[in-house]
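Reviewing the structure listed below.
Since the structure is predicted, the reported quantities are computational estimates derived from the model, not experimental observations.
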Amino acid sequence: QVQLVESGGGLVQAGGSLRLSCAASGSITHIYDMGWYRQGPGKQRELVATIISVSSTRYADSAKGRFTISVDNAKNTVYLQMNRLKPEDTAIYYCNADIQTRTFVRTVYWGQGTQVTVSS
């Protein structure tokens with residue numbers, strides 16, 4: 001069984017910063033990629049950023065230049081550094097990971113979500 005546990009959400013003023021973390025644990029043999037998605041009030045869940053390796057990242061246009069995704073492979077942990085936050089960044093942020101377990105089953109897992117609220 002695999003678990004993704006997120007942390008780092010909270011309330012911040014516009015222009016501020018937050019760093020989200022997501023640690024994967026369990027019977028993991030390989031992580032293909034990890035990423036962050038978000039779902040704002042009344043909106044569909046959308047991609048924020050994904051990472052396969054240090055050299056392979058992808059960002060939503062709304063995140064480019066403000067957010068940075070990184071990964072610590074030794075800790076199976078992905079981070080999202082969010083700078084110059086805006087009220088429209090308010091959402092529940094979900095971690096996502098494409099993982100192969102020791103039973104050789106490959107599955108996409110989701111975290112429980114962490115709330116980010118940006119006040120104006």
Side-chain angles (χ1 to χ4, degrees):
Q1 189 69 4
V2 172
Q3 283 189 323
L4 301 182
V5 179
E6 299 130 332
S7 61
L11 173 64
V12 65
Q13 288 188 331
S17 299
L18 283 174
R19 189 191 193 208
L20 306 182
S21 301
C22 172
S25 63
S27 58
I28 298 168
T29 56
H30 184 72
I31 298 178
Y32 291 91
D33 62 75
M34 300 184 81
W36 291 94
Y37 289 71
R38 69 186 183 186
Q39 187 165 13
K43 298 181 180 179
Q44 291 187 332
R45 191 174 297 189
E46 62 179 5
L47 170 72
V48 177
T50 61
I51 183 167
I52 297 175
S53 66
V54 172
S55 59
S56 182
T57 57
R58 182 162 62 106
Y59 294 91
D61 288 343
S62 60
K64 289 178 181 176
R66 299 187 300 126
F67 295 180
T68 302
I69 190 169
S70 61
V71 64
D72 184 333
N73 291 316
K75 296 181 179 179
N76 289 338
T77 299
V78 64
Y79 305 94
L80 184 69
Q81 177 66 44
M82 304 186 293
N83 298 327
R84 292 185 283 130
L85 283 160
K86 305 174 181 179
E88 51 263 43
D89 293 318
T90 295
I92 300 174
Y93 284 70
Y94 296 91
C95 174
N96 158 289
D98 185 355
I99 294 174
Q100 178 173 286
T101 64
R102 293 194 181 99
T103 57
F104 302 103
V105 174
R106 181 176 174 176
T107 305
V108 174
Y109 293 88
W110 291 88
Q112 79 285 356
T114 185
Q115 177 70 47
V116 171
T117 302
V118 184
S119 63
S120 57

### Task
Report yes or no: do Tyr79 and Val116 belong to one cluster of Ile/Leu/Val/Met/Phe/Trp/Tyr joined by side chain heavy-atom distances under 4.5 Å?
no

### Query
Is the shortest heavy-atom distance from the side chain of Asn96 to the side chain of Asp33 under 4.5 Å?
yes

### Task
With rounding to the nearest 0.5 Å, note down the distance linking CG in Leu80 to OH in Tyr59.
7.5 Å

### Query
Do Val2 and Val78 belong together in a cluster built from hydrophobic side chains that touch within less than 4.5 Å?
yes

### Message
So Trp110 and Cys95, do their side chains get closer than 4.5 Å, heavy atoms only?
### Response
no

### Query
Of all residues at least two apart in sequence or in a different chain, which pass the salt bridge (charged side-chain N to carboxylate O under 4.0 Å, His left out) check with Arg58?
none

### Message
Can you confirm whether Asp89 sits close enough to Arg38 that some side-chain heavy atom of one is under 4.5 Å from a side-chain heavy atom of the other?
### Response
yes

### Task
Answer yes or no: is there a side-chain heavy-atom contact under 4.5 Å between Ser25 and Val5?
no

### Task
Please determine if Lys64 and Asp61 form a salt bridge, counting it only when a charged side-chain N lies under 4.0 Å from a carboxylate O.
yes

### Message
Which heavy atom of Val48 sits nearest to which heavy atom of Ala63, and what is that distance?
### Response
O-CB, 3.8 Å

### Task
Could you pull out the closest heavy-atom pair between Pro87 and Ser120, with the gap in Å?
CG-CB, 3.9 Å

### Task
Calculate, to the nearest 0.5 Å, the distance between atoms CH2 and CD belonging to Trp36 and Glu46 respectively.
14.5 Å

### Query
Once you round to the nearest 0.5 Å, how far does OG1 of Thr77 lie from CG of Leu4?
10.0 Å

### Asp98 side chain near Arg106 side chain, heavy-atom distance below 4.5 Å
yes

### Task
Nearest 0.5 Å please: distance from the OG1 atom of Thr107 over to the OH atom of Tyr32.
10.5 Å

### Query
Do Ile28 and Ile51 share a hydrophobic cluster (ILVMFWY, side-chain heavy atoms under 4.5 Å, transitive)?
yes

### Query
Between the side chain of Gln115 and the main-chain N/O of Gly9, is any donor-acceptor distance below 3.5 Å?
no

### Message
Please determine whether the number of non-hydrogen atoms from other residues, nucleotides or ligands lying under 6.0 Å from atom CD of Gln39 exceeds 12.
### Response
yes

### Message
Determine whether a donor-acceptor pair (N or O, by modelled atom type, separation under 3.5 Å) exists between the side chain of Thr114 and the backbone of Ser7.
### Response
no

### Message
Using side-chain heavy atoms (C-beta onward) and a distance below 4.5 Å, is Leu20 in contact with Met82?
### Response
yes

### Query
Between Met34 and Cys22, which heavy-atom pair has the shortest distance, and what is it?
CE-O, 4.2 Å

### Task
Please confirm whether the backbone N or O of Thr101 pairs with a side-chain atom of Thr29, one donor and one acceptor, at under 3.5 Å?
yes

### Task
Say whether Tyr94 and Glu6, considering side chains only, have a donor N or O and an acceptor N or O under 3.5 Å apart.
no

### Heavy-atom side-chain contact between Ile69 and Val71 under 4.5 Å
no

### Task
Indicate the atoms forming the closest heavy-atom contact of Asn83 with Ser17, along with that distance.
OD1-OG, 2.9 Å

### Message
Nearest 0.5 Å, please: how far is CD in Gln13 from OG1 in Thr117?
### Response
13.0 Å

